[in-house]
Amino acid sequence: MNTIIKKTEVNNIDLEVIKQASDILRDGGMVAFPTETVYGLGADALDEKASAKIYAAKGRPSDNPLIVHVADVKQLEPLVKDIPDNAVKLMDKFWPGPMTLIFEKSDIVPSGTTGGLQTVAIRMPNHPVALSLIKNSQVAIAAPSANTSGRPSPTTAQHVENDLSGKIDMIIDGGAVGIGIESTIVDVTVNPPMILRPGYITKKMLEDVVGDVEVDKAILGKMSPDAKPKAPGMKYKHYAPKADLTMFRGEKDAVVNHINNLVKEGIAEGKKIGIIASDETFSMYKEGNVISIGTRSDDDSIARNLYAVLRKFDDMNVDVIYSEIFEDDGLGQAIMNRMLKAAAYHVLQV
Ligand code: AMP
Ligand code: MG
C-alpha cells in the first residue's frame, strides 16, 4: 500500500487534506492524524472491518480495545447507554482535552472496536486537525496511538512514517504534538470514578471536580503475569526502545557518578551507551551519548520529549540506555508509568 503523506498548518488547516482523509475514513480506510497527546491511527469505530485493520497495522493484541474520538457531545450520545453525572462534570471541565472516559457501550459500537468489552472508551481531543477531521468525516474515529505495538508512542508524523509507512492509507502531518503523553483514562461506570491509566490530567485535577477518585491498583507497580488491569492495554509491553533501559534512583550526584562509572566501563567493553539526563545534569556526564529529556522544573517538558528521546536512541543504535529517575507525583506519575514500562521495571538504587 502506498501511504499518502500530507502536511497541514494547525492554525490554518488545509481543508483539501481534511477532505481527502475524510473520504478515506468513510471508505473504511486508515488515517494517522495529530492529537494534542500523541499521533493517533484512525478508522471508523462503527465499522468492525475498519477497526480490525488498525489491529493488523499495529500488530496490536485483539483484546486491547481502542479509544473512540468524538467532536461533540451529540456524537457521544448514540455510542453509550447512559452518561453518568460524574461524566458530565468531567466532560464540562476537561473536554476537549487529554481525558478518556469509559462508558457502558450501546449496541451500535461493535465489539471488535472494544476488544470484546461491554464498555467503550471515548475522548474529545483538543487539537484543531483532529476535531476538523472528525467533524468533516462525521465519523466517530477509533484511534489508538499510531505506532507499532510495543514501541514508543509517536509524537511526530515522522515517527508514524517510520512505523507504519506502507501499512496505512494516509498520514496527516500537523507537526510535533503539544503534550507528548497519552490521555488519562477514567472509568465513570463506577463510583467513585477510577483511573485506569495515569495521563496528563492528574488525580488531583479530577478530584477537584468530582471528589474522591480511585486508582486501579494493577497499574501502580510492577504487574504480576496474572494481574488483570481494567485497561487491558496496561498489561502489555509498551513504549520500549530497542536497547535495554535501566533507571537509577538516588541522590542526584550519586546517580550521575554511578552512571558515569558504568558508561566508562561499557565504553571500555566497546558498547555504545545512551544516557537520559535532565537539563539540570546534562553537563555532568563525561562520556556516552547524552540527551536531556527536559527540565525538572517543568514536567510538561519531560512529557513532551519522552518518546522522541527513546526513539532517538533507537536511531542511534545504542546497546544500552541509562536514565535518571523522575518525581512520581502529579504529571510525574504518568511520566514514570511510561518510563518504568519502557524499562521493563528495571530500576536500581544507587
Ligand atoms: P492507546 O490508544 O494505544 O493509548 O491505548 C488505549 C488504551 O485504552 C489501552 O490501554 C486500552 O486498554 C484502554 N481502553 C480502551 N477501551 C477501554 C475500555 N472499554 N475499558 C478499559 N480500558 C480501555
Ligand atoms: Mg498506545
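Side chains included, hydrogens not; waters and symmetry mates left out as well; all remaining heavy atoms used. Counting convention: from 1, in listed order, for ligands and their atoms alike.
Atom CD of Glu207 has more than 12 heavy atoms from other residues, nucleotides or ligands within 6.0 Å. Around CD of Glu16, the count of heavy atoms belonging to other residues, nucleotides or ligands within 6.0 Å does not exceed 12. Annotation for Lys272: atom NZ counts as buried by contact number, over 12 foreign heavy atoms lying within 6.0 Å.
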From CA spacing to verdict: ring-ring contact (aromatic ring centres under 6.0 Å, His included), Tyr39, Phe33: CA-CA 6 Å; Tyr39 270 73; Phe33 59 96; 8.2 Å; no
Trace of the ring-ring contact (aromatic ring centres under 6.0 Å, His included) decision for Tyr307 with His159: CA-CA 10 Å; Tyr307 294 130; His159 296 160; 8.8 Å; no
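At least one donor-acceptor pair under 3.5 Å links the side chain of Arg123 to the backbone N or O of Gly97. With hydrogens and angles disregarded, no donor-acceptor distance shorter than 3.5 Å links the side chain of Lys286 to the backbone of Asn261.
Around the Mg ion (ligand 2), protein N, O or S atoms at less than 2.8 Å comprise Ser145 OG.
Cluster annotation: Tyr285 is connected to Val350 through the hydrophobic network of ILVMFWY side chains, with a link wherever side-chain heavy atoms come within less than 4.5 Å.
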Once you restrict both partners to nitrogen or oxygen, which atoms of ligand 1 have a protein partner under 3.5 Å, and how far apart are they?
unit_1	atom_1	unit_2	atom_2	d
ligand 1	3 (O)	Arg60	NH1	3.1
ligand 1	3 (O)	Ser145	N	3.3
ligand 1	3 (O)	Ser145	OG	3.1
ligand 1	4 (O)	Arg197	NH1	2.7
ligand 1	5 (O)	Arg60	NH2	3.2
ligand 1	12 (O)	Asn64	OD1	3.0
ligand 1	12 (O)	Pro232	N	3.2
ligand 1	12 (O)	Gly233	N	2.6
ligand 1	19 (N)	Thr119	O	3.3
ligand 1	19 (N)	Thr119	OG1	3.0

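For the side-chain contact (heavy atoms from CB on, under 4.5 Å) criterion with Val188, the lone passing option out of Val210, Leu90, Ile102 is Leu90.
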